[in-house]
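Data first, discussion second: the structure below is written as structure tokens.
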Amino acid sequence: MSNYIRFDWAMKRLLRNKANFAVLEGFLTTLLRDRIKIQKLLESESNQEEEFDKYNRVDLLAEDSKGTLLLIEIQNNNEYAYFQRMLFGTSKLVTEYINRGEGYDKVRKVYSINIVYFSLGHGKDIVYHGKTEFRGIHQNDILELSPFQRQTFKVDTVSQLYPEYYILKVNDFNQVAQTPLEEWIYYLNTGEIPDQAQAPGLNAARERLKLDRMSKDELKAYYRHLDNIVILRDNINTERAEGRAEGLEAGRQEERRQNAIRMKAKGFPAQDIADITGLSPEEIDRL
């Protein structure tokens, strides 16, 4: 078993403490390739307290020293409309963090960082970055900011004004970590921090996310959390297996029906059709 606390539990219980901001700052600095200094944590409504969501989803909303909003979300369970939920989350932040009557130049920059433990979409990579660009339909050029806009907004590209999305499909990582980001993904996937890992924030994680720093009651709650995740994933796998079995049986039943229809059209006796296909005489009559 790992000597370190899972990141989702740490986000819910430990990383909200200012003394532990170095762990989050290191992770964000590594992912965004920019020095991130967390100014404060903000309230996020999707930290649900329903029993299912306690171990299925965890999120944390931070504001950095530049006023940027950083929404970090961990999702354990499969959710087919997760892309739309990412959009909803950033849209809600954009509208909530501007005061009535303020100009649109006050719209805040938002990063949506999604750590998912399920198969989201279809792709070969483990980290995906989404941003907004406006590309010409005739010249294929990218619409740029004017010099005045760059000076006023203090950014270089239009995409920097819009929400940006990161998706980390950590379950798909099955190789040796060779970059700082891969060292973080290795920890997110396995709960282990290799001795040689030097990514920003991992040294702080080694010190502050050790299991042996937890009290007896905290350990009991943590192990209960791990058990719930195992049960959740087992239920998901069971539902998938049952769904595949039901799909196969439905396919076989449809094949029997099609064979019976063809045999009936050729004038086979109903009893012969029933003997060959396994359908009942009543089912054959209804064809």
Side-chain angles (χ1 to χ4, degrees), residues 1-15 20 22-33 36 53-60 70-80 82-83 85-86 111-130 165-214 219 222-237 240:
M1 177 175 287
S2 170
N3 295 318
Y4 300 99
I5 300 164
R6 271 178 59 102
F7 197 64
D8 57 348
W9 180 266
M11 271 183 40
K12 185 178 279 288
R13 299 295 182 95
L14 301 175
L15 300 185
N20 295 327
V23 178
L24 273 179
E25 289 170 344
F27 169 64
L28 294 170
T29 294
T30 302
L31 178 64
L32 303 181
R33 299 180 183 179
I36 301 296
D53 284 326
K54 283 182 181 179
Y55 52 87
N56 174 49
R57 184 170 78 238
V58 180
D59 74 354
L60 183 150
L70 303 133
L71 177 60
I72 308 166
E73 183 161 346
I74 296 176
Q75 175 89 5
N76 285 306
N77 186 29
N78 184 38
E79 184 169 338
Y80 80 97
Y82 192 81
F83 289 115
R85 194 155 73 79
M86 289 165 48
Y111 284 100
S112 171
I113 296 148
N114 302 271
I115 302 168
V116 298
Y117 288 89
F118 64 95
S119 181
L120 176 61
H122 180 70
K124 298 178 181 179
D125 213 315
I126 55 173
V127 181
Y128 289 88
H129 177 210
Y165 302 88
Y166 286 86
I167 298 172
L168 285 71
K169 301 175 67 175
V170 295
N171 278 354
D172 293 343
F173 184 73
N174 58 1
Q175 60 196 53
V176 176
Q178 297 181 341
T179 67
L181 181 55
E182 287 178 352
E183 289 176 351
W184 262 104
I185 293 173
Y186 182 85
Y187 162 57
L188 295 173
N189 184 5
T190 67
E192 294 287 354
I193 304 175
D195 293 337
Q196 68 273 18
Q198 295 298 320
L202 286 183
N203 280 333
R206 282 193 189 95
E207 177 62 27
R208 298 167 190 180
L209 302 186
K210 287 182 177 178
L211 283 174
D212 58 18
R213 289 172 60 98
M214 300 174 77
L219 274 175
Y222 176 64
Y223 288 137
R224 192 160 55 246
H225 173 75
L226 295 184
D227 290 342
N228 285 333
I229 290 175
V230 171
I231 293 170
L232 170 68
R233 291 181 179 170
D234 183 63
N235 288 341
I236 293 170
N237 291 334
R240 287 175 178 169

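The first residue of the sequence shown is numbered 1, and numbering continues consecutively from there. Keep in mind that this is a model prediction, so the values were computed, not measured.
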Supply the atom-to-atom distance [X] [atom1] to [Y] [atom2], rounded to the nearest 0.5 angstrom.
X	Y	atom1	atom2	value
Leu120	Asn78	CG	CG	8.5 Å
Leu209	Leu15	CG	CG	6.0 Å
Glu183	Leu188	CD	CG	12.0 Å
Ile5	Arg208	CD1	CZ	12.5 Å
Ile113	Leu71	CD1	CG	8.0 Å
Arg206	Asp195	CZ	CG	6.5 Å

Per side-chain contact (heavy atoms from CB on, under 4.5 Å), Phe173 is matched among Ile185, Thr190, Val127 by Ile185
Requested in this report: I would like to know whether Val116 and Glu73 meet side-chain contact (heavy atoms from CB on, under 4.5 Å); could you show each step before the answer?
Outcome: CA-CA 8 Å; Val116 298; Glu73 183 161 346; over 6 Å; no
Examine the side chains of Asn114 and Tyr82 and answer whether a donor and an acceptor come within less than 3.5 Å of each other. yes
| query | How far apart are the C-alpha atoms of Leu24 and Leu60, what are their side-chain angles, what is the distance that settles it, and do they pass the side-chain contact (heavy atoms from CB on, under 4.5 Å) test? | reply | CA-CA 10 Å; Leu24 273 179; Leu60 183 150; 3.8 Å; yes
Compare every heavy atom of [Y] with every heavy atom of [X], then report the nearest pair and how far apart it is.
X	Y	answer
Ala199	Pro180	CB-O, 3.4 Å
Glu182	Val176	OE1-O, 3.8 Å
Ala205	Val23	N-CG2, 3.8 Å
Ala197	Leu202	CB-CD1, 3.9 Å

Applied to residues 112-121, the salt bridge (charged side-chain N to carboxylate O under 4.0 Å, His left out) test, sequence neighbours excluded, yields none
Residues pairing under salt bridge (charged side-chain N to carboxylate O under 4.0 Å, His left out) where one sits in residues 169-179, two or more places apart or in two chains, turn out to be Lys169-Asp172
Quiz item: Quick check: does any side chain N or O of Asn76 sit under 3.5 Å from a backbone N or O of Tyr117, one acting as donor and the other as acceptor?
Solution: no
Quick one, [X] and [Y] - any side-chain contact, counting heavy atoms below 4.5 Å?
X	Y	answer
Phe118	Asn171	no
Lys210	Tyr4	yes
Thr30	Thr179	no
Leu28	Ile72	yes

- Message: Using side-chain contact (heavy atoms from CB on, under 4.5 Å), reason through Leu31 and Leu181 one step at a time and then give a plain yes or no.
- Response: CA-CA 6 Å; Leu31 178 64; Leu181 181 55; 4.0 Å; yes
The ring pair (Phe, Tyr, Trp, His ring centres under 6.0 Å) partners of Phe7 (sequence neighbours excluded) come to Phe27, Trp184
Atom CG of Asp125 with >12 non-hydrogen neighbours under 6.0 angstrom: yes
